[in-house]
Amino acid sequence: MIYSFLALLSGVNVAISIMLNARLGAIKGLYKGAFINYFMGFCITIPLYLIIAGFTLPTFSISLPEIFILTGGSIGYLVVLINNNITPKIGILYVTILLFIGQIATGALMDIFAGDSISAGKLIGALLILAGLVYLVKVENK
Amino acid sequence: MLKYRIFVYNCPVNRNLAKNSSLALFSGIMIAVMVTANGMLAKASTHWVSLIIIHFAGLTTAGIVLVIRKETRSIFNGVHFVFMLGGALGVFTILLNNLCVNNIGVTLTLGLALVGQIIASGIAEHFGWLGVTHKKLSINKVPAYILMAVGAAVMIVWG
């Protein structure tokens, strides 16, 4: 239950960052805006690490097939570029609906590969959210 | 303060609709891959180390693109500090996602995050916060929000 709340909070966080980054992109352009975004994030993570973990060097090991897990940041950058490119062309709600379908379908596959089962509740809930999004598009386009 | 529209709901030109729609789908797939990768990284190292690696990877990629495009001059000039804070908030988004993915799975995390995002954008539009164009919530949008809230509740309770 607490993690469900945290996931909702993460979405609220995303909404606020999108508003701030849209303003940043309008002033500095797409590419500089995205750079500033990651630069600010990076500047926060170092002191955060030092406060939590102290002055110790991190050690961890990953196996060779797992090397792709280091690329999450680069994938995030790619996603921002694509989204900012297509949103003015086809509209934020269409983008959100298609993003949602892609995310949930792939997420469900990932969960299955990770060994978790996909419950009927998750699927029905996702379809209800999708229905709400489609309804919102209908109202907006009227 | 300059008012601008972030949320372009209507779609004036359906230019390359098929191409842009496939790009949007691809982007969604990449988000799920990214969230999974970040979650695995947080598990393999620690939450705090993974945040550094993720942002370092993004910063390097963004820096390389700037160098290729020869846009390396005056990167930080003329921007109010407040609007740079999006990146700082992004750190906590990734931290929350990593926490959730390893506990409730990718589907539930992404589904609930989307509902939180839509509701927060709706509230910001209604009150005109953060420079977003003021746009009062119309009554015919309420069923859409109710549907999404019910969907989120179903996911939480029976997920």
Side-chain angles (χ1 to χ4, degrees), chain A residues 3-4 6-8 10-15 17 19-24 32 34-35 37-38 40-42 44-45 49 52 58 60 62 69 72-77 79 82 86 89-92 95 98-99 102-103 106-108 110-111 116 121-122 125-126 128-129 131-132 135-136 139-140, chain B residues 6-7 9 11 20 23-25 27-32 34 36-38 40-41 44-45 48-49 51-52 54-55 57-59 61-62 75 83-84 86-91 93 96 100 103-107 109-110 112-113 116-117 120-121 130 140-141 144 147-148 151 154-156 158-159:
Chain A
Y3 290 106
S4 302
L6 289 181
L8 280 168
S10 148
V12 174
N13 225 340
V14 170
S17 340
M19 291 168 210
L20 294 173
N21 282 333
R23 186 59 172 275
L24 191 60
K32 281 182 183 170
F35 180 84
N37 178 60
Y38 278 101
M40 290 301 286
F42 188 65
I44 300 272
T45 54
Y49 174 78
I52 306 279
F60 69 97
I62 53 169
I69 68 176
S74 310
I75 299 177
Y77 178 71
V79 166
I82 295 178
I86 58 180
K89 293 176 191 156
I90 59 174
I92 180 94
V95 173
L98 292 164
L99 280 180
Q103 280 177 33
T106 317
M110 295 282 187
D111 278 341
D116 302 331
K122 272 185 195 171
L128 282 171
I129 295 172
Y135 190 94
L136 210 54
V139 173
E140 283 287 346
Chain B
I6 299 171
F7 302 102
Y9 283 116
C11 93
N20 290 319
L23 272 174
L25 266 180
S27 177
I29 293 170
M30 290 319 278
I31 290 176
M34 172 187 79
T36 311
N38 289 347
M40 285 170 76
L41 183 62
S45 55
W48 314 102
V49 176
L51 286 178
I52 296 180
I54 292 161
H55 281 87
L59 184 64
T61 318
I75 293 177
F83 295 108
M84 294 196 189
L89 278 177
V91 174
T93 304
L96 289 173
C100 295
N103 285 287
I104 56 176
V106 188
T107 321
T109 305
L110 290 175
L112 293 177
Q117 187 189 334
S121 329
L130 287 168
N140 49 1
K141 274 191 212 164
L147 260 177
M148 283 188 265
V154 168
M155 276 185 124
I156 295 172
W158 290 290

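A, B, ... follow the sequence lines: proteins, then strands. Residue 1 opens every chain.
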Quick check for you: among A:V14, A:V95, A:N21, which has the greatest number of heavy-atom pairs under 4.5 Å with chain B? A:V14

Do you know which of B:I29, B:L25, B:V154, B:I54 has the most heavy-atom pairs under 4.5 Å to chain A? B:I29

Do you know which two heavy atoms are closest between B:L89 and A:S17, and how far apart they sit? CB-OG, 3.9 Å

To the nearest 0.5 Å, what is the distance between CG on A:L6 and CG on B:L96? 5.5 Å

Under 4.5 Å from any heavy atom of chain B - which part of A:I44: side chain

Is chain A contacted by the side chain of B:T36, its backbone, both, or neither, given a heavy-atom distance below 4.5 Å? side chain

To the nearest 0.5 Å, tell me how far B:M84 CE sits from A:R23 CZ. 13.0 Å

What are the two closest heavy atoms between A:S74 and B:T61, and how far apart are they? OG-OG1, 3.0 Å

Less than 4.5 Å apart, any side-chain heavy atom of A:Y49 and any of B:L51? no

When B:M40, B:M155, B:M30 are compared by non-hydrogen pairs under 4.5 Å with chain A, the top option: B:M155

Where B:S27 and A:I82 come nearest, the two heavy atoms and their spacing: CB-CG2, 4.0 Å

Which one wins on heavy-atom pair count under 4.5 Å against chain A: B:A57, B:A120, B:A144, B:A88? B:A144

Tell me, side chain or backbone of A:V139 under 4.5 Å from chain B's heavy atoms, or both, or neither? side chain

Non-hydrogen atoms of chain A under 4.5 Å away: do they reach the side chain of B:V91, the backbone, both or neither? side chain

For a 4.5 angstrom cut-off between non-hydrogen side-chain atoms, does B:L147 reach A:I129? no

Residue from B:T109, B:L23, B:I75 scoring the most non-hydrogen pairs under 4.5 Å with chain A is B:I75

Nearest-0.5 Å distance, CD1 of residue B:I156 to OG of residue A:S4: 4.5 Å

Report yes if some heavy atom in the side chain of A:F35 is under 4.5 Å from a heavy atom in the side chain of B:L59; otherwise report no. yes

Considering non-hydrogen atoms only, spot the tightest contact between B:I104 and A:A7 and give its length. CD1-CB, 4.5 Å

In short, B:G151 meets A:L128 closest at the heavy-atom pair CA-CB, 3.6 Å

Please walk me through it: do A:V12 and B:Q117 pass side-chain contact (heavy atoms from CB on, under 4.5 Å)? CA-CA 5 Å; A:V12 174; B:Q117 187 189 334; over 6 Å; no

Heavy-atom pair count under 4.5 Å with chain A, highest-scoring of B:G90, B:G86, B:A44: B:G86

With side chains defined as the heavy atoms from C-beta onward, is the minimum distance between A:Q103 and B:V106 less than 4.5 Å? no

For A:I52, which atoms come within 4.5 Å of any heavy atom of chain B: side chain, backbone, both, or neither? side chain

Measure B:N103 against the heavy atoms of chain A and call it side chain, backbone, both or neither at under 4.5 Å. side chain

Looking only at heavy atoms, the pair that brings A:I75 and B:M34 closest together is CG2-CB, 3.8 Å

Contact part of A:Y3 toward chain B, heavy-atom cut-off under 4.5 Å: side chain, backbone, both or neither? both

